[in-house]
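Some notes on the structure that comes next.
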Amino acid sequence: MNAQNPTPPRPDGSQNWPSAPTYGQNPQGGLPFEPAAPPRQPQRPVAARAKSFPIAWALSLFLGALGADRFYLGKWKTGLLKLVTTGGFFVWWLIDLVLLTTGQVKDAKGRPLREFETMKWPSRAISAVVALGFVGMMVLGATAPTPPPAEVTAAESAALEEASVPSEEPTTAEPTTEAPTTEAPTSAAPTTTAAPTPSPTPEPVAAEGTALAVLAGLDEKGRAPKTDYDRDLFGWRDDMDRNGCDTRNDILRRDLTAITLKGGTNGCVVQRGTLDSPYSGDTVDFDRENSTIDIDHVVALSDAWQTGAASWDEQTRREFANDPLNLLAVESSLNRQKGDGDAATWLPPLKDYRCEYVARQIAVKDKYDLRVKPAEADAMERVLSDCEGFLAIEDDDQWPATGEGDVVATEEEPAPEPEPEPAPEPEPAPEPEPAPEPEPEPAPAYEPAPKEESNDSGSGGGSAYYKNCDAARAAGAAPVHAGDPGYSRKLDRDGDGVGCE
């Protein structure tokens with residue numbers, strides 16, 4: 001082939017057939033054609049992998065209530081609906097979990113989930129345990145009794161430990177232990193179930209008329225200072241009921257049995273008797289000559305001073321100190337052991353009496369509008385929790401009338417011996433003749449006579465002096481008898497010759 005003849009040469013062996021087109025020429029004539037390129041084969045798309053069954057199952061188990069499993073499978077619409085309804089209130093969550101573990105769930109394109117056969121049995125076992133636990137919780141929650149609605153009380157949510165205050169007498173505090181409070185963690189963490197957090201159970205409301213209900217109504221505040229406190233400001237033992245007897249003997253006639261009264265006292269003074277001690281449960285014999293029984297102020301005078309009595313007038317303090325609601329005959333040893341302690345620092349050794357003891361303290365504080373300290377309120381609540389429903393103490397104690405009580409005898413005082421008749425005066429002797437006056441001798445130097453200690457009829461001998469009965473008790477001299485060192489009429493208010501009994 002050359003430039004003048006574009007027709008390629010005929011291959012060897014070809015025939016000169018007139019009907020055959022010349023090799024390299026277009027059959028229809030014109031320019032020679034080039035061979036067409038082979039057609040391009042279309043590329044097949046690579047198929048996306050199906051969703052993983054272990055991932056879908058884990059999302060359904062832990063976050064199924066939020067629709068996370070459906071979002072992962074590409075089912076966005078039902079995932080959003082499941083999120084808004086919190087998994088259909090957990091019913092939808094439970095149904096999806098069952099369907100997923102039985103192999104009936106596919107992804108959004110209808111493809112079975114990968115690795116189902118490998119994980120189906122472990123997933124079924126774990127899902128069954130979680131589902132049964134969830135159903136059990138729902139059943140227990142539906143059958144649990146509904147607590148009564150909580151009422152707002154004046155008590156603070158947390159009691160602060162108050163500093164100890166020195167008492168008038170040494171006290172023995174009964175140790176109390178409280179379980180430490182553990183706060184629930186606030187950070188969110190994956191849980192086996194998506195159950196809603198239950199609201200805190202309200203504390204039970206104390207029934208009306210119980211000591212706990214009265215305690216809830218008392219003001220709670222810390223202890224005030226003991227500044228200017230004096231026991232004599234309360235007028236203890238004053239005859240408030242005007243029956244002619246002091247308060248101590250009134251309470252002895254009320255609380256003692258088998259009483260012997262002292263004659264000549266108009267049925268007031270108790271000479272002997274027997275006490276069934278409420279604090280210890282022991283039987284104690286009382287003898288006025290050697291008394292081992294005190295009258296205890298259930299709410300101590302010092303404690304009252306530090307919780308409101310400091311602002312009272314004189315009449316209110318006298319009524320408080322001599323109120324039979326606040327007075328009990330008890331052993332002297334336990335009364336001194338208690339001192340001015342409250343329920344947080346001292347309780348009676350007899351545990352069966354503690355509920356009544358605390359209820360009486362609450363009744364006294366309620367009557368006189370005294371407040372309770374935080375630690376004291378906690379101790380009272382702990383004691384009353386062991387005797388649920390203990391009724392409040394009623395203010396119905398009555399003063400015994402003169403000579404009233406379990407009186408079995410009156411010991412009359414022996415009649416005074418008659419005074420002997422004076423002997424006749426002897427006749428005066430004749431006066432002797434006066435002797436001659438001796439010469440005057442020089443007067444001796446003056447020497448003052450030794451000064452004798454005065455001993456009037458109203459006080460004992462010696463140099464002892466006691467400001468009040470508390471000082472006499474602190475010195476171990478109570479009771480003080482007439483003639484004893486330190487005896488004075490101020491200590492013997494009933495005038496029977498025995499002070500600070």
Side-chain angles (χ1 to χ4, degrees), residues 155 159 167 169-179 203-218 251-259 273-286 291-300 303-304 323-367 370 372-373 375-398 400 405-406:
S167 59
E169 298 290 343
T171 60
T172 300
E174 179 166 296
T176 57
T177 57
E178 295 184 3
E203 296 182 359
V205 179
E208 185 177 357
T210 62
L212 271 175
V214 179
L215 173 62
L218 297 179
I251 297 301
L252 289 175
R253 292 200 316 278
R254 184 195 70 179
D255 293 351
L256 269 59
T257 59
I259 297 171
T274 302
L275 172 68
D276 292 329
S277 172
Y279 285 179
S280 67
D282 297 336
T283 300
V284 184
D285 293 330
F286 169 76
S291 175
T292 58
I293 291 178
D294 286 350
I295 306 301
D296 176 43
H297 288 89
V298 179
V299 175
D303 180 76
D323 191 337
L325 178 65
N326 191 32
L327 299 172
L328 289 175
V330 300
E331 297 98 320
S332 301
S333 58
L334 293 181
N335 184 38
R336 294 180 181 121
Q337 183 187 88
K338 170 189 172 183
D340 64 353
D342 55 24
T345 59
W346 190 90
L347 291 170
L350 183 62
K351 293 184 178 181
D352 291 343
Y353 186 73
R354 289 180 179 179
C355 289
E356 183 173 344
Y357 173 78
V358 168
R360 185 173 289 271
Q361 285 187 325
I362 293 172
V364 172
K365 294 212 166 191
D366 178 64
K367 179 177 180 179
L370 296 173
V372 290
K373 286 86 68 182
E376 177 187 13
D378 289 346
M380 288 177 167
E381 188 173 352
R382 283 196 302 271
V383 171
L384 293 176
S385 65
D386 293 334
C387 43
E388 185 177 355
F390 195 90
L391 297 178
I393 300 294
E394 298 291 339
D395 182 20
D396 55 2
D397 287 353
Q398 300 296 325
D406 187 24

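Every heavy atom of this structure was used, including side-chain atoms; hydrogens, water molecules and symmetry mates were not.
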**Message:** Please enumerate all residues that pass salt bridge (charged side-chain N to carboxylate O under 4.0 Å, His left out) together with Asp406, with sequence neighbours excluded.
**Reply:** none
Please find the pair of heavy atoms, one from [X] and one from [Y], that lie closest to each other, and give the distance.
{"X": "Arg354", "Y": "Pro348", "result": "NE-O, 2.8 Å"}
{"X": "Ala343", "Y": "Met380", "result": "CB-CG, 3.9 Å"}
{"X": "Glu381", "Y": "Leu215", "result": "N-CD2, 4.0 Å"}
{"X": "Ala211", "Y": "Ala359", "result": "CB-CB, 3.9 Å"}
{"X": "Pro278", "Y": "Val330", "result": "CG-CG1, 4.2 Å"}
{"X": "Leu334", "Y": "Ser280", "result": "CD1-CB, 4.0 Å"}

**Item:** Chi angles and distances behind the side-chain contact (heavy atoms from CB on, under 4.5 Å) call for Val364, Asp323
**Value:** CA-CA 9 Å; Val364 172; Asp323 191 337; over 6 Å; no
To the nearest 0.5 Å, what is the distance between [atom1] on [X] and [atom2] on [Y]?
{"X": "Leu328", "Y": "Leu325", "atom1": "CG", "atom2": "CG", "result": "9.0 Å"}
{"X": "Leu384", "Y": "Phe390", "atom1": "CG", "atom2": "CZ", "result": "8.0 Å"}
{"X": "Lys373", "Y": "Thr345", "atom1": "NZ", "atom2": "OG1", "result": "8.0 Å"}

[X]: which residues meet the side chain to side chain contact (heavy atoms under 4.5 Å, CB included) condition with it, sequence neighbours left out?
{"X": "Ala213", "result": "Ala206, Thr210"}
{"X": "Val214", "result": "Ile362, Asp366, Ala392"}
{"X": "Ser333", "result": "Glu331"}
{"X": "Ser332", "result": "Asp294, Arg336"}

Only counting residues at least two apart or in another chain, list the ones meeting side-chain hydrogen bond (donor to acceptor under 3.5 Å, both in side chains) with [X].
{"X": "Asn326", "result": "none"}
{"X": "Arg254", "result": "none"}
{"X": "Asp285", "result": "none"}

**Item:** side-chain contact (heavy atoms from CB on, under 4.5 Å) between Leu252 and Ile295, intermediate numbers included
**Value:** CA-CA 8 Å; Leu252 289 175; Ile295 306 301; 4.1 Å; yes
**Request:** Answer yes when Asp386 and Lys351 have at least one side-chain N-carboxylate O distance shorter than 4.0 Å, and no when they do not.
**Result:**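 Result for this pair is no, no salt bridge flagged.
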**Message:** Whether Asp303 and Lys338 form a salt bridge (side-chain N of Lys/Arg under 4.0 Å from carboxylate O of Asp/Glu) is what I want to check.
**Reply:**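 Asp303 and Lys338: not salt-bridged.
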**Message:** Taking Asp282's backbone N and O only, do any of them form a donor-acceptor pair with Ser277's side chain (distance below 3.5 Å, no angle check)?
**Reply:** no
**Message:** Could you work out, with ring-ring contact (aromatic ring centres under 6.0 Å, His included) as the rule, every residue matching Tyr279, not counting sequence neighbours?
**Reply:** Trp346, Tyr357
**Request:** Take Val372 and Asp342 through the test side-chain contact (heavy atoms from CB on, under 4.5 Å) and record every step on the way to the result.
**Result:** CA-CA 9 Å; Val372 290; Asp342 55 24; over 6 Å; no
